[in-house]
Structure formats: structure tokens, C-alpha cells
Amino acid sequence: MHLVPQPLSHLLARLVHECSQGKKEPIFDLPRHRFYPGSPVDLSVSLHGRRAASPIGPAAGPHTQLAQNLVLSWLGGARVMELKTVQINDTLQIPRPCIDAENVGYNVEWSQELRLSESLAEYAKGWLLLSALRKLNPQGLRPDELDTLFDISVGYSLQGIQSPQVAQWLDTMRDARSLLQTLRDEVPTDLRHHLADELPSELSGCVTLSTFHGCPPDEIERIVEHLFCRHQMDVVVKLNPTLLGFERVSDLLHNRLGYTDIELDAHAFESDLCWHDALAMISRLEGSAKRAGCRLGVKFSNTLVVKNHKPFFPQTEKLMYLSGQPLHVLAISRAAEFAEATSGRLPISFSGGIDQKNCADVV
């Protein structure tokens with residue numbers, strides 16, 4: 001299966017039509033009883049100086065590559081959209097199947113399935129569709145419940161992020177007016193009034209940095225400083241669950257939680273950023289952010305590299321990436337310790353095993 005982007009005019013026509021069909025009809029196949037109904041209290045947060053009506057949203061993944069999935073996220077209440085990670089190598093041959101979410105989540109897919117130009121267009125189309133949703137407002141939400149933010153995710157190396165292709169991609173996300181206008185002009189005139197009356201110059205001013213497992217600390221630091229200085233973007237550094245160390249992760253997964261079938265990859269712990277180096281790096285980057293007039297945050301956490309012990313994926317894939325409930329325990333443990341070690345100075349974004357039972361407590 002391959003992702004096939006749909007024209008904005010088709011998506012907008014469907015959105016407008018289905019919004020007009022009454023309160024019992026689905027929109028993009030999402031039943032109305034699954035829509036976010038609004039909140040009697042203000043749930044907004046300020047993220048890097050920008051307001052989001054809710055702290056909830058999808059983390060970067062295959063589901064945030066296509067514009068219509070951002071619509072579905074928004075209808076479900078998401079207001080912070082972490083867009084799928086892009087990188088210089090946008091012609092990957094991704095093995096199929098690449099995601100196993102029967103119980104614990106596993107994947108062998110780690111970057112965009114679209115070309116850079118396609119990802120750029122999808123994110124711009126997504127923003128325009130959400131602008132239409134805010135005007136159509138099928139849930140009847142208050143104006144203060146509509147504010148939505150896009151968070152770019154990029155990877156995976158300094159060389160790739162400094163490349164002309166990725167630099168131009170980031171520049172366009174910072175100044176997307178021309179792209180948005182081109183897409184808007186392609187929409188039939190009878191639908192165009194549903195889109196935003198005024199187009200922004202910026203789709204996103206924040207980057208979540210994703211690096212390869214084993215990326216040297218000094219390279220992570222140089223990437224963040226590059227994003228500060230070259231692109232004037234706020235940066236969230238995604239950290240790995242390996243920060244807990246091999247022995248502690250093994251004890252939590254195998255002894256405390258009972259996931260004895262999960263086989264850890266010792267090399268991933270040996271080559272990854274360690275706890276004390278991470279704290280020292282973040283401290284230095286706080287100074288870099290202040291000098292550049294930008295903001296710094298961290299994310300817990302990336303997936304956990306484990307050995308492929310299942311027949312689900314092609315056997316050529318020796319490693320896979322764990323998510324879901326086991327990752328939740330690892331990520332929330334380190335996030336709490338990081339907040340304590342830094343006295344709560346830095347904003348934290350969190351992903352890993354979030355569900356309806358634990359979401360409010362995590363927030």
C-alpha cells in the first residue's frame with residue numbers, strides 16, 4: 001500500500017458537503033459521537049509563545065502525513081499537530097507490512113513515505129482544510145476552542161538538515177503565503193469562501209528534532225544551534241528511552257511489567273546519549289536559545305530500539321521500534337526525572353502509550 005495525496009478541491013468539497021448533512025452523519029467517516037464536544041473549562045496552553053486551545057494532538061507518524069488525517073485529528077479534539085518527520089532521503093523503500101499494533105506497537109518505518117514537495121503540499125492543504133473547519137465549526141465550539149498549532153518534525157542528521165532541499169523546505173514552512181495562495185486559487189470559486197479570508201505567512205515556527213539512535217551528542221547540539229541561527233525556529237529535542245540505561249529498562253520491561261518477549265538491543269544503549277550528557281547538552285542549549293531569541297523544549301520520548309523477534313515483519317529487518325504501553329512507563333519515568341532535574345524550566349511534550357485512561361493524568 002502506498003499513500004496517494006488527494007487534491008485539495010476534492011477534500012474540501014467532501015468536507016463542506018458532509019458538514020451540511022446534519023448532526024448524525026459522519027465527516028471523513030468519523031462518526032459524530034466521536035467528535036470533540038468542547039469543554040466547559042479553558043484547556044488552552046501556550047507553546048513557545050503560541051496559543052493552542054488544547055495540549056492534545058497526534059505525535060509525528062504515518063497518520064500525520066496526509067491532510068485528511070489532520071482533519072480527523074482536529075474533529076477528535078487535537079489542537080497541536082506534530083507533522084510527520086521529513087528528511088533529505090525522501091525516496092525510501094519501506095518494507096510492507098511496516099507497522100504492527102496488535103497489542104504492543106512495533107514498526108520498521110521511520111521517515112516520510114512522501115517526497116519532500118508532497119509533504120509540504122499536504123501540510124499546507126491540511127492547514128487550509130483546518131481553516132475551513134474552524135469556519136464551518138460542525139461541533140459548535142466556542143471561538144477560544146479553535147486555536148490550532150502545527151509542529152514540524154525534521155531529522156535525522158546535520159548534513160541532511162543543512163542540505164539545500166531541507167533548508168528550502170523549512171524556509172517555505174516559515175513563509176508559506178505563496179504556496180497557500182497557489183493552493184487556494186486551485187479551489188473552485190464556489191468553495192473558496194470556505195477557506196481562511198487571510199492567509200498566514202507562517203505554517204509553523206517550531207521544529208521537533210528527531211535524530212538516529214546513536215547520533216553523537218555534539219551533532220544533536222550543532223543541529224539545534226543551526227535551527228536556531230539559520231531558521232530562527234524554536235526547537236524541541238526528542239530524547240530516547242535509552243536514557244534510563246540498559247539495566248533499568250530491562251528491569252522495568254521484563255521484571256516489573258512482564259514483557260519478557262521483548263529483546264533489547266544492547267548496542268542501542270551503548271551508542272545513545274546518556275543521562276548526564278543529555279542534561280549538560282540541554283543546559284548549554286538553553287544558553288544558545290536565549291542568545292538566538294528562540295525557545296527550547298524537550299520531548300519524551302522516541303521509540304525504543306528492540307530486536308525483531310516476530311514473524312510479522314520481513315526477516316531482513318533485524319531491529320524494530322517499540323511504542324505503546326511499555327514505552328509509556330519508560331517515557332513517563334524519565335520525563336518526571338527530567339522535570340525535577342531542570343526545576344521545570346523547559347516545556348515538555350510527551351508521547352508514548354497515551355490513551356483515554358491516562359491522558360488527563362499525564363497532562
Side-chain angles (χ1 to χ4, degrees), residues 59-61 85 87 98-100 103-111 153 155-158 160 208-224 236-285 297-310 313 315-342 346 348-353:
T85 309
Q87 62 149 337
C98 62
I99 298 174
D100 176 12
N103 183 14
V104 178
Y106 297 105
N107 76 84
V108 292
E109 171 271 349
W110 48 265
S111 192
S153 182
Y156 289 93
S157 66
L158 179 61
T208 290
L209 172 63
S210 184
T211 54
F212 286 125
H213 293 272
C215 183
D218 64 316
E219 180 167 359
I220 297 173
E221 199 163 343
R222 292 201 308 272
I223 294 172
V224 177
V236 176
V237 181
K238 188 190 294 187
L239 298 172
N240 293 335
T242 49
L243 285 174
L244 286 166
F246 183 88
E247 296 299 329
R248 190 170 174 201
V249 169
S250 178
D251 180 58
L252 285 170
L253 288 180
H254 298 152
N255 301 329
R256 301 284 297 279
L257 300 176
Y259 290 101
T260 55
D261 60 326
I262 295 175
E263 297 183 48
L264 298 177
D265 179 41
H267 177 70
F269 291 82
E270 296 166 1
S271 58
D272 255 359
L273 187 66
C274 71
W275 176 242
H276 296 295
D277 286 345
L279 290 179
M281 179 189 73
I282 292 299
S283 179
R284 291 190 298 271
L285 287 174
V298 296
K299 177 180 176 180
F300 290 93
S301 81
N302 207 342
T303 49
L304 176 67
V305 182
V306 297
K307 295 180 180 179
N308 181 12
H309 66 279
K310 304 183 72 175
F313 296 125
Q315 293 307 295
T316 53
E317 301 297 321
K318 302 303 180 185
L319 299 174
M320 54 187 183
Y321 303 92
L322 175 146
S323 58
Q325 288 304 314
L327 183 64
H328 181 79
V329 176
L330 304 180
I332 202 73
S333 299
R334 225 15 160 178
E337 291 164 357
F338 180 86
E340 182 177 359
T342 57
L346 279 81
I348 295 175
S349 60
F350 185 89
S351 67

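Just so it is clear, the model here is predicted, and its values are computed rather than measured. We use all heavy atoms of the structure for the numbers below, so side chains are in, but hydrogens, waters and symmetry mates are not. Counting from 1, the numbers follow the sequence of the chain as shown.
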To the closest 0.5 Å, what do you measure between [atom1] ([X]) and [atom2] ([Y])?
X      : Y      : atom1 : atom2 : value
Thr242 : Leu264 : OG1   : CG    : 10.5 Å
Asp100 : Ser323 : CG    : OG    : 9.5 Å
Phe212 : Asn240 : CZ    : CG    : 12.5 Å
Gln87  : Ser157 : CD    : OG    : 7.5 Å
Leu209 : Leu239 : CG    : CG    : 9.5 Å

Spell out, as yes or no, whether a donor-acceptor pair under 3.5 Å connects the side chain of [X] to the backbone of [Y].
X      : Y      : answer
Asn308 : Lys310 : yes
Glu221 : Met281 : no
Ser283 : Leu279 : no
Ser271 : His267 : yes

Do you know which two heavy atoms are closest between [X] and [Y], and how far apart they sit?
X      : Y      : value
Gly352 : Leu327 : CA-CD2, 4.1 Å
Val298 : Phe300 : CG2-CE1, 3.8 Å
Phe313 : Ile99  : CE2-N, 3.6 Å
Ser351 : Ala331 : O-CB, 4.1 Å
Ala60  : Lys299 : N-NZ, 4.5 Å
Ser210 : Asn302 : OG-ND2, 4.2 Å

Before giving the answer on side chain to side chain contact (heavy atoms under 4.5 Å, CB included), spell out for His328 and Phe350 the whole-Å C-alpha distance, their side-chain angles and the decisive distance to 0.1 Å. CA-CA 9 Å; His328 181 79; Phe350 185 89; 3.8 Å; yes
Under a 4.5 Å cut-off applied to non-hydrogen side-chain atoms, are [X] and [Y] in contact?
X      : Y      : result
Ile262 : Tyr106 : yes
Thr303 : Leu322 : no
Val108 : Met320 : yes
Leu273 : Thr211 : no
Tyr321 : Val305 : yes
Pro241 : Val249 : no

Does atom [atom1] of [X] have more than 12 heavy-atom neighbours, drawn from other residues, nucleotides or ligands, at distances under 6.0 Å?
X      : atom1 : answer
Lys307 : NZ    : no
His309 : NE2   : yes
Glu340 : CD    : no
Arg222 : CZ    : yes

**Prompt:** Are any of the side-chain nitrogens in Glu337 or Arg334 under 4.0 Å away from the carboxylate oxygens of its partner?
**Reply:**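 Looking at Arg334 together with Glu337, the answer is yes, because their closest N to O distance falls below 4.0 Å.
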Exercise for review: Determine, step by step, whether Phe338 and Leu243 satisfy the side chain to side chain contact (heavy atoms under 4.5 Å, CB included) criterion, reporting the C-alpha distance in whole Å, the side-chain angles of both residues, the deciding distance to 0.1 Å, and the verdict.
Suggested key: CA-CA 10 Å; Phe338 180 86; Leu243 285 174; over 6 Å; no
Applying side chain to side chain contact (heavy atoms under 4.5 Å, CB included) to Leu304 and Leu253, what does each step give before you reach the verdict?
CA-CA 11 Å; Leu304 176 67; Leu253 288 180; 3.9 Å; yes
